[in-house]
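In what follows, a single structure is set out as structure tokens and then discussed.
Given the structure is predicted, the values throughout are model-derived calculations rather than measurements. The figures that follow rest on heavy atoms only: side chains count, while hydrogens, waters and symmetry mates do not.
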Amino acid sequence: MNAGAGITLIAAGGLLALVVIVAGWRRLSEAGALGAVGAAGLLVGAGALLLQEAVSAGEWAVALAAFGVLAPVHARLVLGRPGRSP
């Protein structure tokens, strides 16, 4: 367990997601916005795993894959298509 690193990663991921959603969702390309939200999801997932004790390699693989995929899907469903509106 590495609480300091875990909290830092969760805060960094949340801040990245906030900046992308508030300031960049309509300005970035679709791939850029979804990629940045995916990276934010990975940071949050990695931070959460660092807060736990005795995490297996399988848990790392599943959690990071889930956070990396579901964060951009969730943002797309809630916020609509990123980039400029036609």
Please name the pair of heavy atoms, one in Thr8 and one in Gly4, separated by the smallest distance, quoted to 0.1 Å. OG1-O, 2.7 Å
Kindly compute the distance separating CG (Leu9) from CG (Leu16), expressed to the nearest 0.5 Å. 12.0 Å
Can you give each donor-acceptor pair under 3.5 Å made by side-chain atoms of residues 29-41, sequence neighbours left out, with the distance rounded to 0.1 Å?
| unit_1 | atom_1 | unit_2 | atom_2 | d |
| --- | --- | --- | --- | --- |
| Ser29 | OG | Gly32 | N | 3.1 |
| Glu30 | OE1 | Arg81 | NE | 3.3 |

Applying a strict under-4.5 Å side-chain criterion to I, L, V, M, F, W and Y, I'd like to know whether Leu70 and Val78 cluster together. no
To the nearest 0.5 angstrom, please state how far the CG atom of Leu64 sits from the CG atom of Leu43. 10.0 Å
According to a 4.5 Å side-chain heavy-atom criterion applied to Ile, Leu, Val, Met, Phe, Trp and Tyr, with indirect links allowed, do Leu51 and Leu42 form part of one hydrophobic cluster? no
Can you measure from CE (Met1) to CG (Leu50) and round to the nearest 0.5 angstrom? 10.5 Å
Would you mind listing the cluster partners of Phe67? Hydrophobic ones only (ILVMFWY), side-chain contacts under 4.5 Å, chaining allowed. Val44
Grab the two heavy atoms, one from Leu49 and one from Ala63, that are nearest each other, plus how far apart they are. CD1-CB, 3.7 Å
At their closest point, which heavy atom of Pro82 faces which heavy atom of Arg76, and how far apart are they? CD-CD, 4.1 Å
